[in-house]
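Since the structure comes first, as structure tokens, the remarks are kept for the end.
Since the structure is predicted, the reported quantities are computational estimates derived from the model, not experimental observations.
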Amino acid sequence: RALMSIAERLAKNCTVVHLTGQSDFRVVGSHTSSVEGYNVQAFIAEADKMAGLLASADVVIARAGATTLAELAAVRAAAILVPNGQLTGR
């Protein structure tokens, strides 16, 4: 929700690929569909496409889950990580 409120400002300065998950895809997409440079996808199914997106990014903003950390490390991507205690139940 925080990104939706600044979508236009973000997209003026960079290209955004926002992976929402299936449950938030429609809501985020409907709020940002008119913003040029703001791309919303539920998920990336192909591992090589995801690796390419991560590797080509100047910076990745992501939750700090174990799989995400491994993917970022594999492509040596610069990242801002957002902790989420609900991911592990702690």
Side-chain angles (χ1 to χ4, degrees):
R1 293 186 178 131
L3 286 177
M4 288 189 300
S5 67
I6 61 169
E8 288 186 39
R9 286 186 287 164
L10 278 175
K12 284 182 183 178
N13 299 308
C14 57
T15 299
V16 177
V17 178
H18 186 164
L19 303 179
T20 62
Q22 196 62 44
S23 62
D24 293 327
F25 176 71
R26 287 194 177 124
V27 172
V28 175
S30 69
H31 282 87
T32 60
S33 62
S34 64
V35 180
E36 187 176 338
Y38 198 99
N39 306 288
V40 178
Q41 296 185 33
F43 60 92
I44 304 293
E46 302 88 16
D48 58 334
K49 185 174 180 184
M50 184 64 169
L53 281 172
L54 293 173
S56 67
D58 291 323
V59 65
V60 176
I61 302 171
R63 292 188 298 191
T67 302
T68 301
L69 294 175
E71 290 173 332
L72 293 168
V75 297
R76 301 175 54 102
I80 298 170
L81 299 172
V82 180
N84 184 340
Q86 294 177 5
L87 292 176
T88 61
R90 290 183 233 166

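Nearest heavy atom pair, residue T68 against residue A62, reads CG2-CB, 3.7 Å. Taking every heavy atom of both residues into account, L81 and R63 meet most closely at CD2-O, 4.3 Å. Between A11 and G37, the shortest heavy-atom distance links the atoms CB-C, 4.1 Å.
Connection of F25 to L19 is not established within any shared hydrophobic cluster, with ILVMFWY side chains joined at heavy-atom distances below 4.5 Å, either directly or through further cluster members. Residue V40 is not grouped with residue I44 when hydrophobic side chains (ILVMFWY) are merged at heavy-atom distances under 4.5 angstrom, including chains of intermediate members.
For residues 33-58, the pairs satisfying ring pair (Phe, Tyr, Trp, His ring centres under 6.0 Å) are H18-Y38, with sequence neighbours left out. Counting only residues at least two apart or in different chains, side chain to side chain donor-acceptor pair (under 3.5 Å) contacts with residues 25-37 are absent. For the ring pair (Phe, Tyr, Trp, His ring centres under 6.0 Å) condition, no pair includes a residue of residues 52-77, sequence neighbours left out.
Atom CG of residue L10 and atom NZ of residue K12 lie 11.0 Å apart, to the nearest 0.5 angstrom.
Residues V59 and I80 form a side-chain contact, since some pair of their non-hydrogen atoms from C-beta on lies under 4.5 Å apart.
A search for side chain to side chain contact (heavy atoms under 4.5 Å, CB included) contacts involving L54 returns M50, V60, E71, L72, V75, not counting sequence neighbours.
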